[in-house]
**Q** 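One structure follows; several queries about it will come next.
Heavy atoms only: backbone and side chains are in, while hydrogens, waters and symmetry mates are out.
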Amino acid sequence: MRVLFVSFHREGVETLNFLKKNKSVELVGCLSLVASSSMNKSGSYNYKTLCNESSVKYFECNHINDQETKALIKKLEPDILMVLGWGQI
């Protein structure tokens, strides 16, 4: 199953780590807010560092409903989006 993980909040760290280890999951990437947007939000987490350490493709967006973000999601062709701690959807 192709999964795109979407979060900027620290509550998603455990879930991302689980997805990375799950052999039935093809983790197509991690999508998070640009740092300038997430710094103003409570509980934000730097997923870029975690993804770089584990070779997970990392993507940032200003808003989940921007046209370029929608195009990215379509291009990655996930079967599901795993969304944690995201208030824009």
**Q** Ignoring hydrogens and geometry, is there a side-chain-to-backbone donor-acceptor pair from R2 to E77 under 3.5 Å?
**A**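 Side chain of R2 to backbone of E77, a donor-acceptor pair under 3.5 Å: yes, one is there.
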
**Q** For C30 versus L16, what's the shortest heavy-atom pair and its separation?
**A**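 Residues C30 and L16, closest heavy atoms: SG-CD2, 4.4 Å.
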
**Q** Could you state the interatomic distance from CG (L72) to CG (L76), rounded to the nearest 0.5 Å?
**A**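 Nearest 0.5 Å value for the CG-CG distance: 4.5 Å.
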
**Q** Atom CG of N22 and atom OG1 of T15: how far apart are they, to the nearest 0.5 Å?
**A**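 It is 11.5 Å, given to the nearest 0.5 Å.
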
**Q** Using 0.5 Å steps for rounding, measure from the NE2 atom of H63 to the CD atom of E68.
**A**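 Going from the NE2 atom of H63 to the CD atom of E68 covers 12.5 Å.
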
**Q** Please name the residue in the list L4, V6, V3, L31 that meets the side chain to side chain contact (heavy atoms under 4.5 Å, CB included) test with P78.
**A**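 The side chain to side chain contact (heavy atoms under 4.5 Å, CB included) with P78 is passed solely by L4 among L4, V6, V3, L31.
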
**Q** Is Y47 reaching over with its side chain to a backbone N or O of V13, donor-acceptor style, under 3.5 angstrom?
**A**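 Such a contact is found between Y47 side chain and V13 backbone.
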
**Q** Do K20 and L50 make a side-chain contact, defined as non-hydrogen atoms from C-beta onward lying under 4.5 Å apart?
**A**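 In short, these two side chains touch, coming nearer than 4.5 Å.
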
**Q** To the nearest 0.5 Å, what is the distance between OG on S44 and CG on L33?
**A**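 Interatomic distance, S44 OG to L33 CG, rounded to 0.5 Å: 9.0 Å.
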
**Q** Just so I know, are the side chains of I80 and M1 near enough to count as touching, which here means a heavy-atom distance under 4.5 Å?
**A**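 In short, these two side chains touch, coming nearer than 4.5 Å.
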
**Q** Answer yes or no: is there a donor N or O on one side and an acceptor on the other, between the side chain of S7 and the main chain of G85, under 3.5 Å?
**A**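 Checking the backbone N and O of G85 against the side chain of S7, no donor-acceptor pair under 3.5 Å is found.
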
**Q** Measure across M82 and L19 and return the closest heavy-atom pair with its distance rounded to 0.1 Å.
**A**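 Nearest heavy atoms, M82 then L19: CG-CD1, 4.1 Å.
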
**Q** Report the distance from atom CG of L27 to atom SG of C51, rounding to the nearest 0.5 Å.
**A**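 L27 atom CG to C51 atom SG measures 7.5 Å (nearest 0.5 Å).
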
**Q** Does the side chain of F5 reach to within under 4.5 Å of the side chain of L84, using non-hydrogen atoms?
**A**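 Heavy-atom side-chain distance check passes, below 4.5 Å.
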
**Q** Which distance, rounded to the nearest 0.5 Å, do you find between the OG of S32 and the CZ of F59?
**A**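 Answer rounded to 0.5 Å: 12.5 Å.
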
